[in-house]
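Taking it in order: structure first as structure tokens, then the write-up.
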There are 2 protein chains.
Amino acid sequence: MAAQRDEGDEVVTGTPTAPGADRADGAPGADTAEHVEEPTALTRERARAIPEAAVARLAVYLRVLSGLAEQGVNTISSEELANAAGVNSAKLRKDLSYIGSYGTRGVGYEVEVLVGQIERILGLTRKHSVCVVGIGNLGHALANYGGFPGRGFPVTALFDVDPDLIGVPVGGIPVDHIDDISRVVAEREVSIGVIATPPKAAQEVCDRLVAAGVQCILNFAPVVLQVPDYVEVRKVDLAVEMQILSFHVARRADEATESGGGPDLSDVDGVVIRR
Amino acid sequence: MAAQRDEGDEVVTGTPTAPGADRADGAPGADTAEHVEEPTALTRERARAIPEAAVARLAVYLRVLSGLAEQGVNTISSEELANAAGVNSAKLRKDLSYIGSYGTRGVGYEVEVLVGQIERILGLTRKHSVCVVGIGNLGHALANYGGFPGRGFPVTALFDVDPDLIGVPVGGIPVDHIDDISRVVAEREVSIGVIATPPKAAQEVCDRLVAAGVQCILNFAPVVLQVPDYVEVRKVDLAVEMQILSFHVARRADEATESGGGPDLSDVDGVVIRR
DNA sequence: CGATGTGAACTCATTCACAGCT
DNA sequence: AGCTGTGAATGAGTTCACATCG
């Protein structure tokens with residue numbers, strides 16, 4: 001049964017401070033990939049309208065729930081599930097409400113039901129063939145994950161340019177030359193492309209993937225990919241993650257340094273406080 | 001037991017360059033009843049207050065800028081830089097404004113200056129020793145990155161439980177047994193721990209890292225780690241990424257179904273098909 | 001002029017708090 | 001009595017638009 005919710009969010013702003021009209025939107029800005037949705041109101045019919053942030057969490061809930069199912073747990077409350085997923089229960093309930101009402105008041109949720117519903121929403125009832133481009137260290141690791149994280153994402157093709165690798169099976173799949181990408185992607189109906197090449201090659205590989213018809217890309221290369229609007233790109237950026245952690249280490253250090261030391265306003269690291 | 005934080009945190013308030021008397025009293029606008037702020041633990045103070053989202057982007061800008069510097073570019077406008085980083089210029093300028101005013105009106109930014117300032121803010125002027133736990137496929141790949149993404153993050157220790165691995169050098173560093181983690185982490189002043197173990201071992205490894213004094217963790221294992229408040233956890237979750245992409249594939253498919261080959265729909269909602 | 005820097009408006013996301021069902 | 005589901009309130013993050021200054 002499809003989601004029967006209404007399109008939800010209207011202009012909830014009850015604040016009278018709302019400005020006049022000004023609907024002159026359509027700014028042709030340099031907007032990059034990321035979001036595809038058409039900004040101007042009029043949501044498509046019974047819009048799927050699940051906030052991106054919620055989608056990410058649904059995937060987490062799904063994993064937790066699968067674990068519970070294996071342990072034979074049948075029912076769980078929002079409180080417990082939220083806890084296991086590392087979020088608070090209000091958020092969890094709101095997230096689940098986006099996909100429908102599958103809980104029982106006074107009781108909780110049936111694990112099986114939730115698993116099924118989340119899988120449906122995430123499109124996991126269908127298999128998504130994946131290809132990995134760039135069979136270096138990381139590519140190897142990814143290919144060897146075999147069936148990729150969880151089932152449902154079979155890796156069916158590997159590409160590289162290194163002649164020594166072509167034909168060599170990695171994780172059971174022989175490596176093809178990148179020049180054959182179009183043919184192979186079509187033949188094996190690849191729907192998701194993973195880029196694990198050195199940064200310099202990433203954009204070109206990306207272009208080839210797109211040309212081959214791939215519309216979803218997971219990018220491990222430390223580059224900002226330019227893609228057409230209709231292509232969805234997610235990136236996993238080690239350097240950025242490390243640097244964010246670094247930022248926190250630094251901030252922690254700052255705090256430690258100045259704590260206890262009176263209200264001195266001296267800029268710790270050079271940020272001049274102008275006035 | 002606080003679960004790991006995901007995103008957002010930190011109180012904003014007061015830009016470093018705020019003019020005149022900012023920092024007035026408390027919260028702006030009419031506060032409702034006695035709602036005594038509940039600051040994140042002991043943080044606060046003269047918070048550097050850079051939104052988490054901005055921090056992540058600063059890291060991206062930094063990479064783009066470094067590339068430009070190498071190419072000999074001296075100056076760049078917000079428009080150009082934004083473009084290269086895949087964001088719009090307003091966002092970029094706002095992000096940069098969090099770290100100070102280093103641009104020249106009518107001209108743009110000096111690449112070198114920006115690189116320096118971002119590095120300072122991200123705490124990259126200091127080296128952060130990294131350890132990797134779990135030397136399987138992924139751990140190998142990570143260890144072999146050598147100096148980790150970009151310089152500044154030297155991998156100085158590797159851990160595993162497999163007797164066959166202990167002592168074997170990977171990427172130049174011999175693998176230690178996890179039981180020695182406390183000693184080794186202390187000796188090598190590891191400040192960031194990377195978890196690349198199978199899911200089942202992740203929480204325990206995490207606990208050991210924390211016990212050993214590591215306060216920043218990058219987790220590749222598909223589990224929600226439970227850590228004390230003062231520990232910062234970032235996660236890289238392949239399964240979640242794939243599932244988010246899957247969701248988009250599914251949504252795309254839905255849209256396609258209903259727009260083109262959709263069997264006669266005497267539907268009420270005008271199917272708004274743009275372009 | 002032209003591009004930065006930034007209050008203010010707006011949009012998206014999270015949390016509160018409670019009505020409503022079991 | 002207990003727990004879900006959800007409007008409404010709050011807060012975070014993004015975009016607008018323009019004063020400002022090199």
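Chain letters run A, B, ... following the sequence lines, proteins first, then strands; residues in each count from 1.
A residue-by-residue look at B:Gly103 and A:Ala54 shows that B:Gly103 has its nearest nucleotide of DNA chain C further toward the 5' end. Residues A:Thr104 and A:Asp95 both approach DNA chain C. Their nearest nucleotides, taken by heavy-atom distance, put A:Asp95 toward the 5′ side. In terms of position along DNA chain D, the nucleotide closest to A:Val107 lies nearer the 5' end than the nucleotide closest to the other residue of the pair A:Lys94 and A:Val107.
Rounded to whole Å, atom P of C:dT22 lies 16 Å from atom OH of A:Tyr102. At whole-Å resolution of the value, OH in B:Tyr98 and C1' in D:dT15 are 11 Å apart. C:dT15 atom P lies 13 Å from atom CD of A:Glu79, rounded to whole Å. The separation between A:Glu52 atom CD and D:dT14 atom P is 13 Å, rounded to whole Å. Between A:Lys91 atom NZ and D:dT10 atom P there is a gap of 19 Å when expressed in whole angstrom units. B:Leu114 places its CG atom 13 Å from the C1' atom of C:dG5, with the value rounded to the nearest Å. One can place CD1 of A:Ile50 at 15 Å from P of D:dG5, the figure rounded to the nearest angstrom. Taking atom CD of residue A:Glu80 and atom C1' of nucleotide D:dG2, one finds them 13 Å apart after rounding to whole Å.
The closest side-chain heavy-atom distance from B:Leu218 to B:Ile195 is not below 4.5 Å.
Taking only side-chain nitrogens and oxygens, B:Tyr109 comes nearer than 4.0 Å to OP1 or OP2 of C:dG5. The shortest distance between the side-chain N/O atoms of B:Asn88 and the OP1/OP2 oxygens of D:dT14 is not below 4.0 Å.
Remark: A:Glu110 CD is loosely packed, at most 12 non-hydrogen atoms of other residues, nucleotides or ligands lying under 6.0 Å away.
At a cut-off of 3.5 angstrom, counting only N and O atoms as typed in the model, there is no donor on one side facing an acceptor on the other between the side-chain of A:Arg105 and the base of C:dT22.
Distance alone, capped at 3.5 Å, places no donor-acceptor pair between the A:Glu232 side chain and the A:Ile217 backbone.
Under the 4.0 Å criterion applied to side-chain N and carboxylate O atoms, A:Glu52 and A:Arg234 are assigned as salt-bridge partners.
Of the candidate nucleotides D:dT6, C:dT4, D:dT14, C:dT4 has the atom nearest to the side chain of B:Ser77. Listed nucleotides C:dT4, C:dA17, C:dA8 differ in distance to A:Arg93; the shortest reach to its side chain belongs to C:dA17.
Side-chain contact of A:Glu80 with A:Ser77: a donor-acceptor pair under 3.5 Å is present, judged by distance alone.
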